[in-house]
**Student:** 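Sharing a structure, written as structure tokens. Questions coming.
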Amino acid sequence: MSAVTVATERQFLTTVAPCIPDLRRYARALARDHADADDLIQDTLFRAYRKLHLWQPGTNINAWLVVMMRRIFLSKFVDGKQNRVQMIPIDDWDAVVPATQIQAIELVEVAARWSTLSTDHRDVLAMVAVGGASYLEAAERLHIPTGTIRSRLARARIHLRQETQRAQ
């Protein structure tokens, strides 16, 4: 690698600075994530500085940087480790996902109409829809056939939908 003169370095820095907003837009379009886009810009500028001896003043530096950024993106994000899926056993998953506003409103509406359900329907809905029990588990706990679980669950859901539509 040949030595970079101070004059060439200054010229490079003054030439690159106006390109950064365009690079940022391109990086965000590629990465679709602000943090990854910032990393991509940093990697591009670092590589461009290391390869400064290859750049020739007077050439289109924006094109040079864009090609460099695209190659870095392809190697880092498409073929790299970040593209590989990491499997996490469901037993180890403890992340809580907050409800959206619409989900929160729907939950309040269901809670308001919960008391309009019969006890049988509430029990089945609580076990299967809320508690996550299978039809077979709910049938065993309630000592009724699986078909009855399905029927009660369907009727409970229909009832809640009708009550919600009446309220609107």
Side-chain angles (χ1 to χ4, degrees), residues 19-51 62-168:
C19 298
I20 292 176
D22 292 333
L23 290 174
R24 182 171 284 118
R25 278 192 296 278
Y26 186 58
R28 286 184 179 162
L30 286 174
R32 300 189 187 274
D33 177 70
H34 290 285
D36 288 341
D38 290 342
D39 290 344
L40 190 55
I41 291 167
Q42 184 176 354
D43 292 345
T44 302
L45 293 176
F46 181 68
R47 183 175 293 177
Y49 183 77
R50 285 185 307 148
K51 303 288 184 178
N62 200 21
W64 187 60
L65 293 169
V66 164
V67 168
M68 193 177 298
M69 179 179 285
R70 185 171 181 279
R71 288 179 179 164
I72 292 170
F73 172 77
L74 290 174
S75 66
K76 184 175 181 182
F77 292 94
V78 176
D79 294 332
K81 292 178 184 175
Q82 291 188 3
N83 195 37
R84 295 190 186 131
V85 176
Q86 180 182 6
M87 298 300 289
I88 300 173
I90 197 70
D91 297 336
D92 296 341
W93 183 258
D94 60 354
V96 176
V97 178
T100 64
Q101 282 184 326
I102 292 174
Q103 290 170 332
I105 291 169
E106 289 172 348
L107 188 60
V108 168
E109 289 174 353
V110 168
R113 285 149 189 63
W114 192 261
S115 62
T116 64
L117 291 169
S118 70
T119 306
D120 292 338
H121 289 158
R122 268 196 310 259
D123 291 344
V124 170
L125 204 55
M127 274 189 207
V128 177
V130 177
S134 69
Y135 294 160
L136 184 59
E137 291 170 341
E140 288 173 357
R141 281 191 224 157
L142 295 174
H143 307 292
I144 56 177
T146 307
T148 305
I149 294 291
R150 290 184 180 142
S151 175
R152 287 182 184 174
L153 186 61
R155 282 185 274 145
R157 288 175 174 164
I158 289 169
H159 179 78
L160 286 175
R161 278 191 209 106
Q162 288 173 347
E163 289 294 314
T164 302
Q165 288 173 352
R166 283 187 199 131
Q168 295 174 353

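Basis for what follows: all heavy atoms, side chains included, without hydrogens, waters or symmetry-related copies. Counting begins at 1 with the first residue of the sequence.
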**Student:** Work out which heavy atom in Tyr135 is nearest to a heavy atom in Thr146; give both atom names and the distance.
**Tutor:**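 Heavy atoms of Tyr135 and Thr146 come nearest at CB-CG2, 3.7 Å.
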
**Student:** Please report the shortest heavy-atom distance between Ala31 and Ala37, naming the atom on each side.
**Tutor:**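 Looking at all heavy atoms of both residues, the closest pair is CB-N, 3.8 Å.
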
**Student:** If you measure from CD1 on Ile158 to NE2 on His121, what distance do you get to the nearest 0.5 Å?
**Tutor:**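 Rounded to the nearest 0.5 Å, the CD1-NE2 separation comes to 9.5 Å.
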
**Student:** Heavy atoms, side chains only, cut-off 4.5 Å: are Leu107 and Gln103 in contact?
**Tutor:**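 No, side chains not in contact.
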
**Student:** Can you name the closest pair of heavy atoms from Ile144 and Thr148 and give their distance?
**Tutor:**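 Nearest heavy atoms, Ile144 then Thr148: CD1-CG2, 3.9 Å.
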
**Student:** Checking His159 side chain against Thr116 main chain: does a donor-acceptor pair fall under 3.5 Å?
**Tutor:**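 Checked: pair present.
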
**Student:** Does the side chain of Val66 come within less than 4.5 Å of Asp22's, by heavy atoms?
**Tutor:**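 A side-chain contact under 4.5 Å is absent here.
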
**Student:** Quick one: pull up CD1 in Ile20 and CG in Leu45 and give me the separation to the nearest 0.5 Å.
**Tutor:**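 One finds 5.5 Å between CD1 of Ile20 and CG of Leu45.
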
**Student:** How close do Ala48 and Met68 get, heavy atom to heavy atom, and via which atoms?
**Tutor:**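 That would be N-SD, 3.5 Å.
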
**Student:** So which atom in His34 and which in Arg28 form the shortest heavy-atom distance, rounded to 0.1 Å?
**Tutor:**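 In terms of heavy atoms, the two residues are closest at ND1-NE, 2.9 Å.
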
**Student:** For Ala139 and Pro145, which heavy atoms make the closest approach, and how far apart are they?
**Tutor:**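 What the structure gives for the nearest pair is CB-C, 4.0 Å.
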
**Student:** What residue among Asp43, Leu23, Leu74 forms side chain to side chain contact (heavy atoms under 4.5 Å, CB included) with Met69?
**Tutor:**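 For Met69, the side chain to side chain contact (heavy atoms under 4.5 Å, CB included) check succeeds only for Leu23.
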
**Student:** So do the side chains of Met127 and Arg141 get within less than 4.5 Å of each other, counting heavy atoms only?
**Tutor:**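 In short, these two side chains touch, coming nearer than 4.5 Å.
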
**Student:** Tell me, do Arg152 and Leu125 make a side-chain contact under 4.5 Å, heavy atoms counted?
**Tutor:**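 The answer is no; the side chains never approach within 4.5 Å.
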
**Student:** I'd like to check Asp38 versus Gln42 (side-chain heavy atoms, cut-off strictly below 4.5 Å). Are they in contact?
**Tutor:**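 A side-chain contact under 4.5 Å is absent here.
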
**Student:** Once rounded to the nearest 0.5 Å, what's the spacing between atom CG of Asp123 and atom CD1 of Ile149?
**Tutor:**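 Atom-to-atom, Asp123:CG and Ile149:CD1 are 9.0 Å apart.
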
**Student:** Give, for atom OG1 of Thr44 and atom CG of Asp39, the distance between the pair rounded to the nearest 0.5 Å.
**Tutor:**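 The CG atom of Asp39 is 10.5 Å from OG1 of Thr44, to the nearest 0.5 Å.
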
**Student:** In the structure I gave you, are the side-chain heavy atoms of Tyr26 and Leu65 within less than 4.5 Å of one another anywhere?
**Tutor:**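 Sidechains of Leu65 and Tyr26: no contact.
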
**Student:** Just checking, any donor-acceptor pair under 3.5 angstrom between side chains of Arg155 and Ser151?
**Tutor:**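 Distance-only check passes for Arg155 and Ser151.
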
**Student:** Does Arg122 reach the main-chain N or O of Leu117 with its side chain, forming a donor-acceptor pair under 3.5 Å?
**Tutor:**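 Such a contact is found between Arg122 side chain and Leu117 backbone.
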
